[in-house]
**Student:** 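This is the structure, below, for whatever I ask next.
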Amino acid sequence: MTHGHVTDAIRYIRSLYAEEDDVLRHAAQRASDAGRPIHVGAEEGKLLQWLVRLSGARRIVEVGTLTAYSTVWVARGLPEGGQVTTLEHDPTMAALAHETIAEAGLSSIITLIEGDAQASLSALSDDGPFDMIFIDADKISYPLYLDWAEQHIRPGGLIIGDNTLLFGAVYQNELPEGVRQGTKDAMQQFNTRLADPARFDAVMVPTHEGLSVAIKR
Ligand code: SAH
Ligand code: MG
C-alpha cells in the first residue's frame, strides 16, 4: 500500500530499478479503477522478484491476489518450470486478476484459486513443501497463515509478509484509525513469532507499510 506515499526517493529508485511495463501498469490501473489501489509498490514488487531469483524459489504461494500486480512481479522471477499459486476470495478481484494473468501471458505459470485462503491453503497442503509464501491478505489471519507456512514451507524457504507495521499499530499505544485491537494483537503475534531465532532468521524491510522477510530454519 505504498501508493499514497510515493516520495521523490521512491520515484528515483523506481526509475532505475523497478520500471513497470504495460502489463504491470494495467494491473495497477485495474486496482485503482476498482477503488482498491492497495498493491505493493513497484520497488517492493521488484524486491519480491529479486528475492525469488536470489533464493531460487520454484514453488510459491501468494495469499491475497487483488489484480495480480505482485503476482506478475513474483512470477517473472521464477526459473523455467517454476509455479505461483495465488489465493483470492473476492470474485471481482479474481476476474480482474485473470485479465492481468492473460495479458501477461503467464496462464501456465500462475494458478489462481478462488475462495477463502484458509480453505485453499488446506487444500494445497498435500502439494507441499513450497519454497516461498507471500502473505498479503486479511491481517487478522496472519498468525493462521504463519501456522500453515511453518508446516509447508521447506527449511531454508522464505516467509514474506506485507503490511506488518500495520500503520504503526504494532509499536504504538493508541490504535490508528480503522485498526482493531484484534488485528493489532494478530500482527504483533506474527511479528514476534518471526523474531524467534530458533525457528526463523527474519528481517523487516522498513517500507512505509513494513515488509517482513524470514528464512525458515
Ligand atoms: N498482493 C496484492 C495485493 C493484495 S490486497 C498486490 O500487492 O498486488 C489483499 C487481497 O486479499 C484483496 O484482494 C482481498 O480480497 C484478499 N483477501 C482478503 N482476505 C482474504 C481471504 N480470507 N482469503 C482470500 N483472499 C483474501
Ligand atoms: Mg500489502
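Counting convention: from 1, in listed order, for ligands and their atoms alike. We use all heavy atoms of the structure for the numbers below, so side chains are in, but hydrogens, waters and symmetry mates are not. Keep in mind that this is a model prediction, so the values were computed, not measured.
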**Student:** Counting heavy atoms not belonging to Arg53, are there more than 12 under 6.0 Å from its CZ?
**Tutor:** yes
**Student:** Any Lys/Arg nitrogen of Arg36 or Asp33 sitting under 4.0 Å from an Asp/Glu carboxylate oxygen of the other?
**Tutor:** no
**Student:** Closer than 4.0 Å to some heavy atom of Tyr69 - which atoms of ligand 1 meet that?
**Tutor:** 8 (O)
**Student:** Looking at ligand 1, would Trp73 count as a contact under a 4.0 Å heavy-atom criterion?
**Tutor:**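 The answer is no: ligand 1 sits nowhere under 4.0 Å from a heavy atom of Trp73.
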**Student:** Report, in ascending order of atom number, the atoms of ligand 1 lying under 4.0 Å from any heavy atom of Tyr145.
**Tutor:**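 So the atoms of ligand 1 that pass are 21 (C), 22 (N).
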**Student:** May I ask you to identify the nearest protein heavy atom to atom 14 (C) of ligand 1, giving residue, atom name and distance to one decimal place in Å?
**Tutor:** Glu88 OE2, 3.4 Å
**Student:** Can you check which of Asp136, Val72, Leu96 brings a heavy atom nearest to atom 9 (C) of ligand 1?
**Tutor:**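 Checking each option, the heavy atom nearest atom 9 (C) of ligand 1 is found in Asp136.
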**Student:** One pair to check against side chain to side chain donor-acceptor pair (under 3.5 Å): His26 and Thr100. What are the steps and the verdict?
**Tutor:** CA-CA 7 Å; His26 294 162; Thr100 300; over 6 Å; no
**Student:** Distance to 0.1 Å, residue and atom name: give those for the protein heavy atom nearest to atom 11 (O) of ligand 1.
**Tutor:**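 Going by distance alone, atom 11 (O) of ligand 1 is nearest to Gly64 CA, 3.4 Å.
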**Student:** Does Arg25 come within less than 4.0 Å of Asp22, counting only side-chain N to carboxylate O?
**Tutor:**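 Yes, this pair counts.
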**Student:** Nearest protein heavy atom to atom 7 (O) of ligand 1, by residue and atom, and its distance?
**Tutor:**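 Of every protein heavy atom, Val40 N, 2.8 Å lies nearest to atom 7 (O) of ligand 1.
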**Student:** Looking only at protein heavy atoms, which one is nearest to atom 23 (N) of ligand 1, and how far off is it?
**Tutor:**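 Checked against all protein heavy atoms, atom 23 (N) of ligand 1 sits closest to Ala117 N, 2.9 Å.
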**Student:** Taking 4.0 angstrom as the limit and counting only heavy atoms of Gly115, give me the atoms of ligand 1 inside it, by number and element.
**Tutor:**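 Ligand 1 atoms under the 4.0 Å threshold to Gly115: 23 (N), 24 (C).
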**Student:** Can you name the N/O/S atom of Asp162 that is nearest the Mg ion (ligand 2)?
**Tutor:**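 The Asp162 atom nearest to the Mg ion (ligand 2), restricting to N, O or S, is OD2.
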**Student:** So, Arg217 and Asp196, do they make that salt bridge, N to O below 4.0 Å?
**Tutor:** no
**Student:** Name the closest protein heavy atom to atom 26 (C) of ligand 1, giving the residue it belongs to and the distance to 0.1 Å.
**Tutor:**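 Its nearest protein heavy-atom neighbour is His89 CD2, 3.3 Å.
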**Student:** Give me the nearest non-hydrogen protein atom to atom 5 (S) of ligand 1 as residue plus atom name, then the distance to 0.1 Å.
**Tutor:**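 Answer for atom 5 (S) of ligand 1: Ile38 CD1, 3.6 Å.
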**Student:** Which residue supplies the protein heavy atom nearest to atom 22 (N) of ligand 1, what is that atom called, and how far is it?
**Tutor:**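 In this structure, atom 22 (N) of ligand 1 has Asp116 OD1, 2.9 Å as its nearest protein heavy atom.
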**Student:** Return the residue, atom name and 0.1 Å-rounded distance of the protein heavy atom closest to atom 6 (C) of ligand 1.
**Tutor:**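 Answer for atom 6 (C) of ligand 1: Ser70 OG, 3.0 Å.
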**Student:** Backbone or side chain, does Ser70 get an N/O/S atom under 2.8 Å to the Mg ion (ligand 2)?
**Tutor:** no
**Student:** Report the part of Arg36 (side chain from C-beta onward, or backbone N, CA, C, O) that has a heavy atom under 4.0 Å from ligand 1; answer both or neither where that applies.
**Tutor:**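 Side chain only.
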